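Only one structure is covered here, and it is reproduced in the block below.
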Amino acid sequence: MAFDLIVTNATLPDGRAGLDIGCRDGRIVAIERGLAAEAAETVEAGGQLVAPPFVDPHFHMDATLSLGRPRMNVSGTLLEGIGLWGELKPLQTREEIVERALRYCDLAVSQGILAIRSHVDVCDDSLKGVEALLEVRRKVAPYLDLQLVAFPQDGLYRDPTAEANLLRALDMGVDVVGGIPHFERTMEAGAASVERLCEIAAERGLRVDMHCDETDDPLSRHVESLAYHAQRLGLRDRVAGSHLTSMHSMDNYYVSKLVPLMAEAGLAAIPNPLINIMIQGRHDSYPKRRGQTRVPELRDAGLAVAFGSDCVMDPWYSLGNADMLEVAAMGLHVGQLSARADMAWCFEAVTSQPAGILGLDGYGLAPGKNADMVLLQARDPVEAIRLKATRLAVIRRGRVIARTPARRTALDLPGRPGVVDPADYAPSEQADGIAGS
Ligand code: FE2
């Protein structure tokens, strides 16, 4: 049997090791030991981790890489970032958005991300951001799945043309219905926006992903409405609440009612650890709240939970590098997910969990699935997170589309084959002298 590509001696995220992965016609056709066969191309994994590709479930591609345009966010605050985006929106051209987005997609792919859900601001009557990202979605389709969310950033009801623009964006082919209920003028308007947006999604057979309760206000409870309308309209497994930071500050008794309702409705949760830890708790003195939603509690209740990156070098966030392992590491730390099983789960929160939320077809490492995978310079998912492991090879539909040279560390030095010899730390004569004096 001939293959287009074989990956040899791979270790999989579930711990199975010494496996060869045979790919043909863009799909995985065999995963087994000693897969002796001809192949047009061979990637030697050398016992390192081969994982399904990273999936970023929450991003803003219409703003990415605009850092410094038209000026820097000097204070580093959300408020200045919002002001900056308002300045940039009328200035930037469709061509500029396309060029930046394509550069970001190249970066993302080199980092092993092969699917992104990006929100696109529809509060601009020209809808040039929508046009730009639809063009980008077409252009990157051979190497990256880009899912777009119609996002009424200035509020569905707070902005006079937001609803009409959102419907136009969906007519143009945007995939998912977005929202921002906590930004509407009143709690009632926020709840009404959730109802309207879920009905639009139900009428059109679309998914929903709302920026929901991205605030420290424990009384911001729009996720309750989101769960209610998801359940009422039969949108099970098609509705995600992004951020959900108010849940961090909510009363525990209320949460004990809320979480089962979210599970019953089949909601998914998408915290964005880098941005949540940066922005939340800013009105606190000390102690400062972390602001990340209740990740293990939501997961244990049966919800799909995935970490998103949200922003990279844009008006709101000057940092970021399309590194979902950095995102996972922050989510792990902020959520205190340090149990062995929890750390391994954090790797799933940037791979299989978001793939399920996005509804990606053919995702995963198994015969019959798409031949999409990333070879990491790490032995297991926890080490990958610890090292922000180098992406040695990124494979899409059975073809290597990106490579990065292996990184050398102190442990790679001659005479130290991955193990630190305790003899290297024997006390010196001088130290002995001091100890004995
Ligand atoms: Fe966002």
Side-chain angles (χ1 to χ4, degrees), residues 55-67 73 77-82 84-86 88-89 97 101 104 108 113 115-124 129-130 133 146-156 159 162 166 169 174-184 190 193-194 197 207-216 220 222-223 226 239-248 268-280 282 291-293 305-320 322 324 327 330-331 349-350 354 357-358:
V55 177
D56 186 352
H58 188 115
F59 194 60
H60 293 265
M61 202 174 277
D62 50 355
T64 194
L65 304 186
S66 66
L67 181 66
N73 181 340
T77 57
L78 175 64
L79 228 60
E80 187 173 348
I82 291 170
L84 251 175
W85 180 235
L88 178 59
K89 264 206 288 191
I97 300 168
Y104 181 79
I113 298 174
I116 299 175
R117 174 182 278 181
S118 174
H119 296 253
V120 51
D121 190 351
V122 297
C123 292
D124 167 11
V130 172
L133 291 195
L146 178 57
Q147 199 174 78
L148 299 176
V149 185
F151 177 41
Q153 175 122 34
D154 299 335
L156 186 75
D159 180 290
L166 179 132
V174 168
D175 310 276
V176 180
V177 179
I180 186 163
H182 58 277
F183 193 69
E184 304 290 352
S193 79
V194 173
L197 290 162
R207 293 173 186 271
V208 176
D209 188 338
M210 287 189 199
H211 286 65
C212 193
D213 303 324
E214 190 183 2
T215 160
D216 293 318
S220 187
H222 295 297
V223 64
L226 191 62
V239 178
S242 279
H243 294 294
L244 303 175
T245 53
S246 73
M247 287 188 70
H248 185 96
I270 305 176
N272 297 282
L274 294 168
I275 306 306
N276 296 157
I277 195 66
M278 183 69 95
I279 288 181
Q280 304 313 133
R282 285 281 177 126
Q292 182 163 285
T293 195
V305 183
F307 293 140
S309 69
D310 206 0
C311 301
V312 170
M313 296 177 73
D314 66 14
W316 302 278
Y317 188 63
S318 300
L319 306 172
M324 295 309 293
V327 171
M330 183 60 78
V350 292
I357 294 171
L358 267 63

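Nothing here was measured: the structure is a model prediction, and the numbers come from that model. Atoms within each ligand, like the ligands themselves, are counted from 1 in listed order.
- Within the 6.0 Å centre-distance limit, the rings of His60 and Phe151 are counted as a close aromatic pair.
- Neighbouring protein atoms of the Fe ion (ligand 1) (N, O or S, distance under 2.8 Å, waters ignored): His58 NE2, His60 NE2, His211 NE2, Asp310 OD1.
- For an aromatic pair to be called close, the ring centres must be under 6.0 Å apart, and Phe59 with His119 fails this.
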Next item on the list: Kindly determine whether Met324 and Asp56 satisfy side chain to side chain contact (heavy atoms under 4.5 Å, CB included), including the steps that lead there.
Entry: CA-CA 7 Å; Met324 295 309 293; Asp56 186 352; 3.8 Å; yes

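- The pair Asp121-Lys89 meets the salt-bridge criterion, with a side-chain N (NZ, NE, NH1 or NH2) lying under 4.0 Å from an Asp/Glu carboxylate O.
- Looking only at side-chain heavy atoms (C-beta outward), Tyr104 and Leu65 come within less than 4.5 Å of each other.
- Ring pair His182/His243: centre-to-centre distance not below 6.0 Å.
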